[in-house]
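Chain identifiers are assigned alphabetically (A, B, ...) following the order of the sequence lines, protein sequences preceding nucleic acid strands; residue numbering begins at 1 within each chain. This is a predicted model, so every value here is computed, not measured.
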Amino acid sequence: MIQPDSYVRSLLKRSPGETVTARGWVKTRRDSKNVHFVQLNDGSSTTDLQIVIDQGVVPPETIARITTGACLSVEGELVASPGKGQTVELKAVTVTLHGGADPEHYPLQKKKHTLETLREIGHLRTRSNTFGAVFRVRNALASAIHKFFQDRGFLYVHTPIISASDAEGAGSMFGVSTLDPAAGAPDYTQDFFGRRTYLTVSGQLEAEIFAMAFANVYTFGPTFRAENSNTPRHLAEFYMIEPEMAFCDIHGDQDLAEAFLKFQISYVLETCRPDLEFLAKWYDPQLIPTLEAVVASQFERISYTEAIALLEKSGKQFEFPTYWGVDLQSEHERYLTEELLKKPVIVTNYPKEIKAFYMRANDDGKTVAAMDVLLPRIGEIIGGSQREERHDVLQQRIREMAHHGMKEESYWWYLDLRRFGGVEHAGFGMGFERMMMYLTGMKNIRDVIPFPRTPGNAEF
RNA sequence: UCCUCAGUAGCUCAAUGGUAGAGCAUUCGGCUGUUAACCGAAGGGUUGUAGGUUCGAGUCCUACCUGAGGAGCCA
């Protein structure tokens with residue numbers, strides 16, 4: 001096992017003269033008359049460690065096998081590098097070749113590959129510079145999220161992956177069953193759980209249970225949608241963060257969402273600078289200035305009604321017409337956040353007809369206390385609301401939705417939370433990979449998750 | 001799921017309906033404390049699949065497969 005002081009990242013910071021062992025995978029080898037240069041990387045750093053192997057230290061037949069992709073351990077002395085591009089390098093004394101990578105067949109070459117090609121070698125793309133940077137950022141982002149909530153006293157709750165609630169309106173769900181599909185019409189009362197079950201589309205309803213006991217809670221786990229979505233922004237399996245706060249209204253909800261987004265960006269700017277610089281260089285030169293601008297900005301907050309008014313007087317021709325009562329289309333959201341306001345926008349108080357049943361009804365009788373946070377380039381990154389805490393109002397709403405297949409008896413425990421010690425509360429959901437896209441400048445969501453699950457794709 | 005575009009060497013891409021090419025990678029040779037090293041040579045192809053039009057198809061037509069972009073749904 002590599003010890004903390006022996007990661008490539010650590011070795012690059014240590015002083016000349018020390019005897020160390022480096023382990024990792026070869027990026028490339030260059031030969032000179034009396035010396036071989038090997039770029040070694042263990043995934044801890046955007047920068048490789050340069051290994052210098054003098055003629056005779058390693059038998060020629062071993063040198064020949066030290067090719068791109070091979071795995072090595074190298075013991076030697078860290079020395080000041082006379083060459084450009086690095087301050088220290090490792091002068092090899094002992095080289096152990098753990099596994100070669102036949103250059104005739106190893107698909108990762110020391111040249112630029114398209115992201116589409118790398119996606120098809122999902123078991124090897126992790127060794128590329130791009131995915132090294134992406135997954136270090138992903139790791140840091142996950143850490144930032146826990147830190148943000150833990151520092152505020154939020155309780156981390158694991159909501160179930162397998163769920164019986166058919167989460168009305170949340171789109172198609174993956175069924176979970178141990179019944180033999182070949183056995184004809186399924187009788188779910190005989191199924192593993194004695195009822196129809198699904199992979200969760202949201203932990204929110206269960207998070208509300210915890211918020212009614214621990215006040216401030218959050219979930220961070222996988223979520224599944226069986227929608228046949230083929231876009232650069234959708235996955236069938238993705239990660240979602242869902243905070244839920246008791247004693248919180250829609251305004252507190254917005255404040256938290258804004259602070260949350262800014263914290264994540266700041267944290268990654270601080271801890272992953274070299275990775276962001278690499279990503280900026282190859283994918284989006286404006287990446288870092290854009291991120292810094294968001295941290296410094298104050299998010300625009302407008303109501304749905306104001307948003308519609310802004311769109312109507314924009315004079316812009318939209319493919320879909322805008323009028324009060326229709327949901328905002330991608331083109332509308334993009335216009336608001338990218339062109340008109342040029343910063344993150346929080347849109348609140350949507351018509352109740354286009355939002356979920358659990359959102360708190362406003363006094364106007366027409367809108368609910370919903371909020372969507374829109375980011376330039378990404379669109380909706382956060383969707384949330386103040387929840388309906390009034391038992392009778394919620395019950396009435398569920399009954400109104402009966403014709404959509406909602407069954408009041410399925411929500412008995414959810415309604416119970418309003419009968420016993422209910423209080424105003426609010427929360428939101430943030431797509432983890434959407435945030436990753438924003439932070440890394442990656443334009444396809446399949447390139448910010450280790451193993452993307454999309455329609456027709458589950459190879460790795 | 002709908003619309004649009006694309007599929008040619010391991011990779012990135014050329015090729016007016018008329019002999020299928022280059023760069024990188026690979027192999028071999030040369031040079032060199034190198035930095036996506038450099039110089040030279042060689043090998044490498046059922047042009048996504050199946051049909052069709054044509055004297056002749058990588059190129060035109062049809063269907064299918066795969067990928068990408070846009071839309072819907074959303075996070």
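In the set B/C74, B/U34, B/G67, the nucleotide with an atom closest to the side chain of A/N457 is B/G67. Of the candidates B/A71, B/A68, B/U34, the closest approach to any side-chain atom of A/E116 belongs to B/A68. The side chain of A/S330 lies closest to B/G72 when the candidates are B/G72, B/A75, B/U34. Of the candidates B/G33, B/G72, B/G69, B/G72 carries the atom nearest the A/S229 side chain, counting heavy atoms from C-beta on. Proximity note for A/T114 (side chain, C-beta onward) versus B/C73, B/U12, B/A75: the nearest is B/U12. For A/M240, the side-chain atoms get nearest to B/A75 when compared with the rest of B/G33, B/A75, B/G69. Among B/C73, B/G67, B/U35, the nucleotide with an atom closest to any side-chain atom of A/E227 is B/C73. Residue A/R446 places its side chain closer to B/A68 than to any other of B/G70, B/A68, B/G33. Ranking B/G33, B/C74, B/C11 by closeness to the A/S81 side chain, first place goes to B/G33. Looking at the side chain of A/F320, the nearest of the listed nucleotides B/U26, B/G33, B/G72 is B/G72.
Evaluation of A/F238 against the base of B/A75 yields a stacking contact (centre distance < 5.5 Å, interplanar angle < 30°).
A close approach under 4.0 Å does not occur between any side-chain nitrogen or oxygen of A/T454 and OP1 or OP2 of B/G67. OP1 or OP2 of B/U12 sits under 4.0 Å from a side-chain N or O of A/T117. Regarding contacts with the backbone of B/G70, every side-chain N or O of A/R334 stays at 4.0 angstrom or more from both OP1 and OP2. Proximity of A/N228 to the phosphate of B/G72: no side-chain N or O atom is located under 4.0 Å from OP1 or OP2.
With RNA chain B read from its 5' end, the first of the two nearest nucleotides for A/V79 and A/P107 is the one closest to A/P107. Mapping A/N230 and A/Q329 onto RNA chain B by nearest heavy atom places A/N230 closer to the 5' end of the strand.
If you check distances only, the side chain of A/E104 never reaches the base of B/U27 with a donor-acceptor pair under 3.5 Å.
When only modelled atom types and interatomic distance are considered, A/E433 and A/Y239 share no side-chain donor-acceptor pair under 3.5 Å.
The distance from atom NE2 of A/H113 to atom C1' of B/G23 is 14 Å, rounded to the nearest whole Å. Rounding to whole angstrom units, CG of residue A/L124 and P of B/G10 are separated by 17 Å. For A/M173 and B/C73, the CE to P distance is 19 Å, given to the nearest whole Å. As rounded to whole Å, 18 Å separates atom P of B/U34 from atom CD1 of A/I51. Atom-to-atom, OH of A/Y106 to C1' of B/C11 comes out at 14 Å; the value is rounded to the nearest Å. Atom CZ of A/R30 and atom C1' of B/A37 are 7 Å apart (whole Å). Rounded to whole Å, the distance from CG on A/L328 to C1' on B/A71 is 16 Å. If you take CD1 of A/I445 and P of B/C74, they are 16 Å apart, rounded to a whole angstrom.
Annotation for A/H123: atom NE2 counts as buried by contact number, over 12 foreign heavy atoms lying within 6.0 Å.
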Grab the N/O contacts between the protein and nucleotides 28-32 of chain B below 3.5 Å, and write none if there aren't any.
from, atom 1, to, atom 2, distance (Å)
B/U32, N3, A/D31, O, 3.2
B/U32, O4, A/K33, N, 3.4

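Within the 6.0 Å centre-distance limit, the rings of A/Y335 and A/F318 are counted as a close aromatic pair.
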ask   = How does RNA chain B look in dot-bracket notation if pairs are Watson-Crick or G-U with both distances under 3.5 Å, crossing ones as [ ], other-strand ones as |?
value = (((((((..((((....[..)))).(((((.......))))).....(((((..]....))))))))))))....
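The two residues A/T62 and A/V58 make their nearest non-hydrogen contact at CB-CG1, 3.3 Å. Taking each heavy atom of A/E89 and A/P82 in turn, the nearest pair found is OE2-CD, 3.5 Å. The two residues A/V294 and A/K262 have their closest heavy-atom pair at O-CE, 3.7 Å. Nearest heavy atoms, A/N362 versus A/N349: ND2-OD1, 3.0 Å.
Within the 4.0 angstrom heavy-atom criterion, base atoms lie near A/E89. As judged by a 4.0 angstrom heavy-atom cut-off over every strand, A/R233 is placed among the base-contacting residues. As judged by a 4.0 angstrom heavy-atom cut-off over every strand, A/I382 is placed among residues touching the sugar-phosphate backbone only. Counting any heavy atom pair closer than 4.0 Å across all strands shown, A/E331 reaches no nucleic acid atom. A/T28 comes within 4.0 angstrom of sugar-phosphate atoms only, judged by non-hydrogen atoms across all strands, and of no base. Base contact: A/P82 has a heavy atom under 4.0 Å from a base atom.
Applying the side-chain contact (heavy atoms from CB on, under 4.5 Å) criterion to A/F320, with sequence neighbours excluded, gives A/Q329, A/E331, A/H332.
For B/G52 and B/U16, the C1' atoms lie 23 Å apart once the distance is rounded to whole Å. On the C1' atoms, B/U4 is 45 Å away from B/A41, given to the nearest whole Å. Look at the P atom in both B/U12 and B/A68: the space between them is 13 Å, to the nearest Å. Annotation: B/A22 and B/U34 have their C1' atoms spaced 27 Å apart (nearest Å). B/A42 and B/G17: their P atoms are spaced 31 Å apart (whole Å). Rounded to whole Å, the C1' atom of B/C31 lies 7 Å from the corresponding atom of B/C39. Between the P atoms of B/U46 and B/C11, the separation comes to 13 Å (whole Å). B/G44 and B/A20 are spaced 15 Å apart, taking the P atom of each and rounding to whole Å.
Classified by interplanar angle (parallel below 30°, tilted 30° to 60°, perpendicular above 60°), the ring pair A/Y350/A/Y304 is tilted.
In this structure, A/F299 and A/L261 have side chains that are in contact, with non-hydrogen atoms separated by less than 4.5 Å.
For the pair A/E237 and A/R225, the salt-bridge criterion is not met [side-chain N within less than 4.0 Å of a carboxylate O]. A salt bridge does not link A/D42 with A/R127: every distance from a Lys NZ or Arg NE/NH1/NH2 to an Asp or Glu carboxylate oxygen is 4.0 Å or more.
The ring-ring contact (aromatic ring centres under 6.0 Å, His included) test with A/Y218 singles out one residue from A/F260, A/F148, A/F149, and that residue is A/F149.
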